[in-house]
Amino acid sequence: MSKRIKIYVIFFLLVLLSLLKDDFTPDYLNTPDASFLAPQNLSVSRLSTVLTNPFFWFCSILYTIFFILIPVYVLYLKNELKPAKWCGIALSIAAVALYASIFLESKALDVHLIPKINRYFHSPIFTLFLVAAIKIKTR
């Protein structure tokens, strides 16, 4: 399979995965499966839910890892190794910031920041932007 076809297949996979964000992301305002994270449903800290709901957290983190690895892999297939490395670092920092802000248990972050980061991070927007930027750079 040529690199170009692989990139299209991987991008299509990313689009399909992005349709599942309301099933796997730890955003209790938009994800019914994460409703246990809502302040009114918590009797202990959110951090303790890692032990009480390990399967949800495993799926959520795995889902987030796909959105880090797929753009990096697309750049790697395009032989853009330095941008792939920096993309991986930037997306990893964004993912850690997203999960850290969830565990801070701040109502303001829950309402104003987490849903926005979650929507953009778990979508093909980053991949589209990166591929477009590389195309512009190489012209």
Side-chain angles (χ1 to χ4, degrees):
M1 186 182 311
S2 75
K3 284 183 183 181
R4 187 180 197 108
I5 293 172
K6 278 184 186 178
I7 289 172
Y8 287 126
V9 168
I10 290 168
F11 181 72
F12 183 70
L13 173 69
L14 191 66
V15 169
L16 289 177
L17 280 172
S18 71
L19 297 175
L20 300 172
K21 76 172 73 64
D22 290 334
D23 295 324
F24 293 110
T25 58
D27 175 11
Y28 73 86
L29 295 172
N30 296 310
T31 306
D33 292 343
S35 63
F36 65 91
L37 294 172
Q40 64 271 18
N41 297 338
L42 276 176
S43 59
V44 290
S45 73
R46 285 188 185 163
L47 194 55
S48 66
T49 63
V50 174
L51 297 175
T52 59
N53 298 58
F55 184 71
F56 174 82
W57 286 108
F58 173 76
C59 291
S60 177
I61 291 170
L62 185 63
Y63 184 72
T64 299
I65 288 172
F66 281 130
F67 282 89
I68 295 170
L69 294 180
I70 290 175
V72 170
Y73 186 62
V74 167
L75 290 173
Y76 176 77
L77 284 177
K78 294 180 79 49
N79 289 325
E80 297 290 341
L81 302 180
K82 194 171 185 177
K85 178 181 102 174
W86 287 109
C87 172
I89 291 169
L91 290 175
S92 296
I93 290 170
V96 168
L98 173 65
Y99 282 88
S101 63
I102 290 166
F103 290 118
L104 286 175
E105 300 184 40
S106 166
K107 178 73 172 166
L109 292 177
D110 288 348
V111 173
H112 301 292
L113 184 68
I114 293 170
K116 278 89 176 159
I117 292 175
N118 189 39
R119 290 284 165 199
Y120 288 115
F121 188 87
H122 295 106
S123 73
I125 292 172
F126 284 124
T127 306
L128 281 173
F129 175 76
L130 291 167
V131 170
I134 296 301
K135 276 201 176 275
I136 290 170
K137 177 186 164 219
T138 57
R139 284 191 179 169

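None of these values were measured; they are calculated from a predicted model.
By the rule that hydrophobic residues join a cluster once side-chain heavy atoms approach within less than 4.5 Å of another member, Leu62 and Leu19 end up as members of separate clusters. Using a 4.5 Å cut-off between side-chain heavy atoms of Ile, Leu, Val, Met, Phe, Trp and Tyr, with links allowed through other members, Ile68 and Leu20 fall into the same hydrophobic cluster. If you chain together hydrophobic residues whose side chains sit under 4.5 Å apart, Phe36 and Leu104 fall into the same group.
The two atoms that bring Ile102 and Pro26 nearest to each other are CD1-CG, 3.3 Å, heavy atoms only. A pairwise comparison of heavy atoms in Val111 and Lys116 identifies O-NZ, 3.6 Å as the closest pair. Closest approach of Pro115 to Leu29, counting heavy atoms only: CG-CD1, 4.2 Å.
Once rounded to the nearest 0.5 Å, the distance linking OG of Ser101 with CD1 of Ile117 reads 5.5 Å. Considering CG of Asn41 and CG of Leu37, their distance stands at 9.0 Å, rounded to 0.5 Å.
Considering only heavy atoms from C-beta on, Lys3 stays 4.5 Å or farther from Lys78 through its side chain. Contact annotation: the side chain of Tyr99 approaches that of Ser60 to within less than 4.5 Å [non-hydrogen atoms, C-beta and beyond]. Proximity of Leu98 to His122: side-chain heavy atoms (C-beta onward) are separated by under 4.5 Å at one or more points.
Phe67 and Tyr63 have their aromatic ring centers within a separation under 6.0 angstrom.
Panel note: side chain Ser35, backbone Tyr28; no donor-acceptor pair is recorded below 3.5 Å.
For the side chain to side chain donor-acceptor pair (under 3.5 Å) with Thr31, the qualifying choice from Asn118, Thr25, Asp22 is Thr25, the only one to do so.
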Give the C-alpha distance, both sets of side-chain angles, the deciding distance and a yes or no for side chain to side chain contact (heavy atoms under 4.5 Å, CB included) between Leu91 and Phe121.
CA-CA 8 Å; Leu91 290 175; Phe121 188 87; 3.9 Å; yes

Contacts under 3.5 angstrom, residues 47-58 side chains, donor-acceptor by atom type, not counting sequence neighbours:
| residue | atom | partner | partner atom | Å |
| --- | --- | --- | --- | --- |
| Ser48 | OG | Ser45 | O | 2.6 |
| Thr49 | OG1 | Arg46 | O | 2.4 |
| Thr49 | OG1 | Trp57 | NE1 | 3.1 |
| Thr52 | OG1 | Thr49 | O | 3.4 |
| Trp57 | NE1 | Thr49 | O | 3.4 |

Could you list the donor-acceptor pairs under 3.5 angstrom formed by side chains in residues 6-18, with sequence neighbours left out?
| residue | atom | partner | partner atom | Å |
| --- | --- | --- | --- | --- |
| Ser18 | OG | Val15 | O | 2.6 |

